[in-house]
Each structure stands twice: as C-alpha cells, then as structure tokens.
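Before any comments, here is the structure.
We're numbering straight along the sequence, starting at 1. This one's a predicted model, so the numbers in the text were calculated from it and none came from an experiment.
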Amino acid sequence: MATLEKIRNRSVLLFTIIIVALLAFILGDFFNSSRTLFGPGTAAAEVAGEKIDIHEFNRRVEEQHQSMQAQGYTAIDNARLQSSVMSQMLYEALMKKELDNLGITVTDKELSKAMSGETTLPMVTQFIGQYGFQRTEDFYDLAYNPAKYQVPQEQAVQLQQAWQELEKNVAEQLKAYKFQSLFAGALVANKLDAKALFEENSTVSTIEYAKVDYSTLNDDDFKPTDEEIAAKYNDNKNRYRLNEEIRKVDYILVDIVPSEEDLNKAYAEVQEGLNILNSQEGCEGLSGNFVVNNVTNPKKAMRSESLKNMLDTMAVGKATQLSFANNTYTLIKLLGVNANQQDTIKFDFATVSVKDVAQRDSILNVLNAGGKFEDVKAENVQKDNKICLLDQGAEQVKEIFEGAVQGRYFTPDTAANATAIRLVKLNGYTAPVTTYNLAEITYSVDASTTTINNLNAKLRDFLAKNNTAEKFSEEAIKAGYNLFPAEVTPGSLSVANIENTRNAAKWALGAKVGEVSDIFDDEQGGKLLAVALKADYKDFTPASDPVLNAYLKTQVINDKKASKLIADFKGKGKTIAEYAGVMNSSIDTTEVAFGQRAISGFGMNESELAAEVANAKQGSLVGPIQTNNSVVVFQVDNVAKAGREFDFNSDAANFNRQFGGNVLGRNLYLLLLGNNKVKYNLLNFYQD
C-alpha cells in the first residue's frame with residue numbers, strides 16, 4: 001500500500017525522532033535516576049550503554065513502597081514493585097539519552113515562566129499549595145530568606161532542597177512538552193498521504209462470490225512435513241525475533257489450605273469461644289487465636305446488610321456468628337447502644353499567612369466581627385465541610401473542636417508559625433443518631449504444621465519420582481496437581497507474576513533445560529511451588545515452540561488445501577452460478593474497499609482479496625484465488641465512488657489517526673529499544 005511505503009521511506013526520520021517520550025503526567029519524577037554512567041559492579045541493568053545503578057534503584061523502590069503504604073496498600077509484593085520500577089527507569093535512561101542526542105534543552109527564561117507568572121505549570125501550583133502559598137515568589141522568599149520569617153536553618157535547608165527538586169522536575173517536564181510537539185509532528189499527512197488514503201477508501205466495489213472454506217477438508221489429509229514447516233518459518237523468521245532470552249517453564253502451584261481435620265478443630269474452638277462470649281460481659285477468656293476489634297457505628301455505617309439486620313434482634317451482651325468466608329470466622333458481640341450520639345460536624349476552614357501572634361488575634365477579631373475570608377486574604381478556603389466523628393481516626397477532629405463556640409472563628413494552632421495558621425468556624429452538628437458498640441471477633445483457620453508437612457511430603461515425593469521436565473509435565477495432572485506454563489526472562493522477578501517467587505525465577509534462569517527444581521516454600525503467602533525448565537529461547541522463538549509450531553502447521557495446511565481446491569475448481573465454470581454449483585456453495589455478496597481492514601463474509605486482513613477486487617474489471621470473473629480461510633471465485637457487479645470530494649483537512653486527520661504519532665506512540669518502548677537488548681543484573685544482587 002502507498003501509505004506503508006511512505007512510512008518505510010521515513011524510517012530514518014522516525015528512528016531519529018520517535019525514540020523518546022512518555023505522557024507528561026508521569027514525567028514529574030521522570031529523569032531523576034539515570035543522569036550519569038555509574039561505576040562497575042553497581043549496574044542493576046544496562047541498555048544501549050546506559051546503566052541503572054543499584055543504589056538509585058533501591059532508593060526508588062523504597063520511595064514507591066512508602067507511597068503505596070501511604071495509600072493503604074498492605075500486601076506489597078517486592079518482586080512486582082521492583083519490576084515496575086526497573087521498567088520505568090529503563091524508559092527514563094533511554095529517553096534522557098535521546099533527548100540529549102536531539103539537543104532538547106530548557107533555557108532559564110523558559111524555566112522562570114514555568115515556575116511563576118501566567119504560564120505557571122499546574123505541578124508548581126500544586127506543590128506550593130501544599131505549603132499554604134498561592135504565589136511561587138512567596139515560597140522562594142521563605143526558603144532563601146529564612147531569617148525574615150524566623151524559620152530555623154534546618155527547615156530552610158529542607159525547603160531549599162524541595163525548591164531545587166521542583167526546578168529539576170519542571171525542567172524535565174518542559175523537555176517532555178518539547179519532545180511531544182516534535183513527536184506529534186514526526187509523521188503527519190501531506191497532500192499526497194491524505195489523497196492516497198482517500199482514494200484507497202473512496203471506491204467501494206460490490207462483489208458477488210462463491211467460496212469453499214478450508215474447514216471442509218480434513219486436516220489429516222494435508223499433514224505438513226518438517227521441511228514445509230521450516231520453509232514457512234524461514235519466510236517470516238524476523239517476526240519471531242526476541243528482545244531478550246525466554247525460558248519456558250511448567251510449574252505446579254499448591255495452595256497451603258487447612259485440611260478437614262484443621263477445619264473441624266477450628267469449628268470446635270469457635271463454638272467454645274461463643275460460649276465464653278455469651279457467659280460474661282466482655283471478651284476476656286478467649287484463646288489467642290481470636291482477634292477482637294471494638295467499633296462504634298450507626299446502623300447506616302455497618303459494612304454488611306446481614307449485620308444491619310442482625311442488630312434488630314441482638315441483645316446487649318450476646319454474641320453470634322456473622323459469617324464464615326475464606327477460612328475466617330467472624331463473630332459479633334453487641335456491647336452497648338447509645339441512642340443520642342453526635343454523628344457529623346459541620347465547619348468552615350481556611351489558612352492565612354501571619355507574622356506573629358498579634359496578627360493572628362487581629363485576624364480572628366475581624367472575622368468574628370462579621371468580616372469575610374477575603375478581608376483577611378485567606379487561602380485554601382473550604383466551606384460547608386462535614387466530617388463524621390464516628391469514623392476511624394476522627395479523634396483529632398474531636399480534640400480540635402472540643403470547647404469551640406458555634407458560629408465563631410478560632411485557630412487550633414497554639415502559636416503563629418512561620419508560614420500560616422488555620423482558621424476554623426464551627427457551624428454545628430447533624431442530628432444525633434443511635435450508635436452500636438460492637439466487638440468484632442475474627443478467627444482465621446490456618447493450615448496446621450501437620451497439614452503443611454503432609455503437602456510438602458506429597459509434592460517432594462512427586463518430584464523425586466518425576467525429576468525431569470518431561471516426566472514432570474506428563475505426570476503432574478495424573479498425580480492430582482494443576483500444571484501451568486510460564487515464561488521467565490532475565491528481566492523477570494517472579495514466575496507468572498506470582499507473589500514471592502523471585503527465587504524460583506532466579507532458579508529458572510540458572511537451570512539447564514530438562515531440570516526440575518526443589519520446592520519453593522512460601523508459607524506466608526500460602527503456597528508451595530515447583531518448576532521444570534522446558535526450553536531456552538535465545539534470539540528467536542524456534543519453530544518447535546508449541547504455540548508457534550501449531551500456527552505454522554495451520555498455515556502450511558491451509559496452503560496445501562488452497563492448492564488442491566484451486567486445482568479442483570479452476571476452469572470448471574464460466575459464471576458465478578456455475579462455480580457455486582461445482583463448489584457446492586451458495587452465492588453471496590459483499591462490499592470491498594482497498595483500504596478496509598475487515599471484509600464482511602471473510603474477516604480481517606484480507607489484503608490479497610482486496611487487491612484482486614481493486615484490479616478486477618467490472619463484470620469479469622476472477623478466481624479461484626486463495627484467501628486466509630477459503631478459496632473464492634468472484635466478479636465485480638458495481639463500483640461506487642465516495643459521496644464526497646477529497647478534503648485535505650478531513651482526510652489528513654484520518655491519516656494521522658491511523659498512522660500518525662499517537663499510533664506510533666503505542667509502541668514507543670519497542671521503537672526506543674530498537675535492536676538493543678537489556679542486560680539484567682538485578683537478580684545478582686539478591687541472595688536466596
């Protein structure tokens with residue numbers, strides 16, 4: 001196609017320009033890690049002469065870990081986190097290198113405009129807003145003139161470092177904006193491009209056809225030889241090139257779950273626990289297997305409908321079982337009921353810059369005399385806020401408003417600080433509600449040591465009897481295990497993204513083909529894992545790969561079926577009707593445009609059929625010819641032109657949507673990587 005030829009002709013330009021960029025929203029901390037070449041022995045990964053330093057990598061992982069914890073994540077798999085950080089840092093290193101090669105820089109004037117003034121970037125506004133400022137100049141003055149604001153030197157140094165980090169991030173984001181502008185223009189339609197695309201889709205041919213699907217013939221009659229499969233493979237070998245080594249494994253994953261004996265024992269202990277709870281006021285006397293958590297909530301805040309319904313019939317001091325799910329019992333004991341509990345507080349809030357206590361008191365006097373927030377130049381104004389006093393963590397809110405007078409402003413700050421004070425006005429409370437004081441008691445049923453030992457012994461016995469990859473895979477299902485395939489690469493930090501399987505991935509990368517691992521025991525994660533190395537692919541996926549081999553066989557079989565069908569039907573008719581009779585097929589119609597991706601009645605990527613239709617004369621019989629899934633005979637009954645004339649703006653936009661920078665950007669990393677390969681060393685820094 002003309003369009004694809006133009007893309008190929010522009011390859012030098014594309015591979016010069018389309019090497020760098022990520023969406024701007026992830027560029028705030030985009031190039032922090034790969035500024036220099038690092039010393040030998042500390043490279044966690046290398047690509048195209050760029051190195052990822054292990055110390056910088058560990059720092060970034062720790063930052064991400066803390067950020068995820070702050071967002072409430074508790075079960076964080078280090079291997080997955082490390083893999084994510086490594087991918088990001090490889091992007092950053094290569095992209096920074098290309099930005100340097102392209103000579104993309106940021107001037108002091110451009111940086112100043114982005115940091116202050118009318119063109120201040122949103123990331124700057126958000127940053128200074130966290131410190132209670134609206135103007136960048138005020139934050140800068142505070143950081144670099146600390147004596148003026150009575151700021152301790154240690155705090156000033158931290159503020160200066162934060163400013164410098166902000167400047168660096170803004171500079172890198174400006175580089176990204178420049179690149180994106182360049183990237184967006186890397187492949188845009190000129191008049192010839194737009195015209196070619198218009199013409200490819202402006203002519204629609206209606207064809208009448210008869211076809212025979214390959215599925216009508218038996219595959220066993222067209223078995224391909226090894227030579228034919230090899231030839232088909234070699235025709236398109238570069239399609240199977242690998243960016244990194246792939247190790248094919250099969251693995252067995254055994255969940256460590258309680259046995260029936262464990263469950264029966266736990267049930268008995270839970271019943272005993274209920275007896276204890278119902279025989280006394282509190283929750284004392286339970287074994288250490290029970291976890292007690294006291295909560296106070298109105299009925300509307302209860303986490304389940306069954307619990308809400310249960311409250312209507314429960315008596316104070318009594319306990320019952322709420323649920324048993326995921327091997328965990330949940331018991332509920334009603335400890336008390338409060339029919340007049342304050343629920344939600346309503347208030348206004350703002351901050352204001354001050355210099356001393358006297359100024360703070362003056363501001364409060366202005367507001368309490370009827371002044372407005374704008375009269376005192378308040379910032380971060382938030383009116384009509386509501387906070388439930390019954391929520392977890394609301395104790396601090398209760399302390400702030402304890403003793404506050406409704407309708408009057410006050411500040412919970414004990415003294416004016418160097419930046420700003422908080423201004424708060426208590427507007428009142430919502431109507432009181434009935435709250436329930438509950439003891440939520442959970443009991444998790446874990447696999448006993450005996451159960452774990454039995455699971456280990458059974459799997460170990462299986463591995464001893466099936467100590468080759470071939471036997472491992474053949475006998476696993478017979479032995480009652482589920483068998484799964486997976487791929488492990490030098491960049492993998494786990495097997496099949498299963499948590500805490502880094503050691504298994506490390507084993508697979510060092511093992512010999514045909515070997516079987518020992519058991520990788522993760523009692524904390526509740527699983528046992530065993531791995532067998534089936535194959536090792538270096539530069540290309542080989543034709544022997546089961547998935548690829550099946551695909552190649554299908555292609556060869558279809559070619560052989562097509563040859564037979566074409567030979568059987570060629571010259572056997574002079575009209576579509578005659579061919580339909582010979583082929584024992586119906587006559588159908590469809591519409592074909594040269595540029596369309598799917599042809600109704602045939603499917604996707606039928607480029608040869610589209611080309612034949614485009615070149616056929618109206619009324620002429622064509623075929624039989626081979627398509628992806630059938631042999632077809634057709635004739636063009638009608639050729640219709642588009643109902644509109646060529647419009648450069650419209651057709652250029654269509655071209656850009658199909659072939660422009662946004663489309664190419666979807667494969668940005670592969671374009672960036674090119675023929676380079678990543679050398680991963682990360683697993684060398686971790687011991688089993």
Side-chain angles (χ1 to χ4, degrees), residues 20-39 42 50-67 70 85 88-89 91-100 102-180 351 353 379-380 417-420:
V20 189
L22 235 106
L23 298 177
F25 70 87
I26 64 172
L27 283 170
D29 187 34
F30 200 85
F31 299 101
N32 294 348
S33 63
S34 304
R35 295 187 291 270
T36 60
L37 294 177
F38 305 101
T42 64
E50 297 293 309
K51 298 181 180 180
I52 305 300
D53 180 63
I54 186 63
H55 305 297
E56 177 67 9
F57 171 79
N58 286 335
R59 183 188 70 80
R60 293 277 292 273
V61 169
E62 180 60 25
E63 284 183 354
Q64 291 281 353
H65 194 277
Q66 292 178 3
S67 175
V85 171
Q88 183 176 344
M89 292 182 72
Y91 267 113
E92 294 170 5
L94 288 172
M95 290 178 183
K96 182 181 183 302
K97 179 178 180 180
E98 287 303 320
L99 282 178
D100 291 342
L102 292 170
I104 295 178
T105 59
V106 174
T107 66
D108 291 341
K109 185 176 181 180
E110 290 172 327
L111 184 59
S112 296
K113 285 185 176 181
M115 294 289 288
S116 61
E118 296 181 358
T119 57
T120 302
L121 293 182
M123 65 181 292
V124 177
T125 304
Q126 181 181 7
F127 174 84
I128 64 173
Q130 295 173 352
Y131 291 85
F133 291 100
Q134 289 183 324
R135 298 193 329 139
T136 312
E137 295 86 343
D138 294 335
F139 178 87
Y140 182 88
D141 193 38
L142 173 68
Y144 287 92
N145 295 290
K148 179 179 177 180
Y149 299 93
Q150 301 178 4
V151 174
Q153 185 60 31
E154 301 85 20
Q155 184 179 354
V157 171
Q158 293 176 352
L159 294 172
Q160 291 167 17
Q161 291 173 343
W163 175 264
Q164 293 164 8
E165 185 71 14
L166 177 63
E167 279 190 328
K168 183 180 67 175
N169 290 339
V170 169
E172 298 305 340
Q173 191 165 79
L174 290 176
K175 289 181 183 179
Y177 288 157
K178 290 185 177 184
F179 172 80
Q180 287 172 7
T351 60
S353 299
E379 303 169 350
N380 302 321
N417 58 35
T419 57

- prompt: With a 4.5 Å heavy-atom cut-off, do Q173 and Y177 have their side chains touching?
  reply: yes
message: What I'd like to find out is whether the side chain of R135 reaches to under 4.5 Å of the side chain of I128, using heavy atoms alone.
response: no
query: Between I52 and A93, what is the shortest heavy-atom contact and its length?
result: CD1-CB, 3.9 Å
- request: Look at the side chain of Q155 and the backbone N and O of P152, then say whether any donor-acceptor pair between them is shorter than 3.5 Å.
  value: no
- prompt: Can you find a heavy atom in the side chain of D138 that is under 4.5 Å from one in the side chain of L142?
  reply: no
query: Of all heavy-atom pairs between L159 and A143, which one has the smallest distance, and what is that distance?
result: CB-CB, 3.8 Å
- line: Between A156 and V151 the two heavy atoms that sit nearest each other are N-CG1, 4.0 Å
query: How long is the gap from NE2 on H55 to CZ on R60, to the nearest 0.5 Å?
result: 15.5 Å
query: Roughly how far, to the nearest 0.5 Å, is CG of L102 from NZ of K97?
result: 12.0 Å
Side chain to side chain, P146 and Q153, heavy atoms closer than 4.5 Å: yes
message: I'd like to know if the side chain of Q158 pairs up with that of E154 as donor and acceptor (distance under 3.5 Å, no hydrogens or angles considered).
response: no
- prompt: Would you say S116's side chain and T136's backbone share a donor-acceptor pair under 3.5 angstrom?
  reply: no
message: Looking at D108, is its backbone amide N or carbonyl O close enough to the side chain of S112 to form a donor-acceptor pair, meaning the two atoms are under 3.5 Å apart?
response: yes
message: Just verifying a value: how many Å separate K168 NZ and W163 CH2, rounded to the nearest 0.5 Å?
response: 15.0 Å
task: Output the distance between atom OG1 (T120) and atom NZ (K113), rounded to the nearest 0.5 Å.
output: 12.0 Å
- request: May I ask you to test the E165-Q161 pair for a side-chain heavy-atom distance under 4.5 Å?
  value: no
task: Go through E62 and R59 one step at a time and tell me if the salt bridge (Lys or Arg N to Asp or Glu O under 4.0 Å) criterion holds.
output: CA-CA 5 Å; E62 180 60 25; R59 183 188 70 80; over 6 Å; no
- request: Please confirm whether the backbone N or O of E137 pairs with a side-chain atom of D141, one donor and one acceptor, at under 3.5 Å?
  value: no
Minimal non-hydrogen separation, A114 against L174, with atom names: CB-CD1, 3.9 Å
- prompt: Counting distance only, does the side-chain N/O of D53 pair as donor-acceptor with the main-chain N or O of E56 below 3.5 Å?
  reply: yes
message: Please evaluate residues M115 and L166 with respect to the criterion side chain to side chain contact (heavy atoms under 4.5 Å, CB included), reporting the C-alpha separation (whole Å), side-chain torsions for both, the decisive distance (0.1 Å), and the verdict.
response: CA-CA 9 Å; M115 294 289 288; L166 177 63; 3.8 Å; yes
query: Is the backbone N or O of T105 less than 3.5 Å from a side-chain atom of K178, with the two atoms forming a donor-acceptor pair by type?
result: yes
message: If I take atom CD1 from residue I104 and atom CD from residue E98, how far apart are they, to the nearest 0.5 angstrom?
response: 10.0 Å
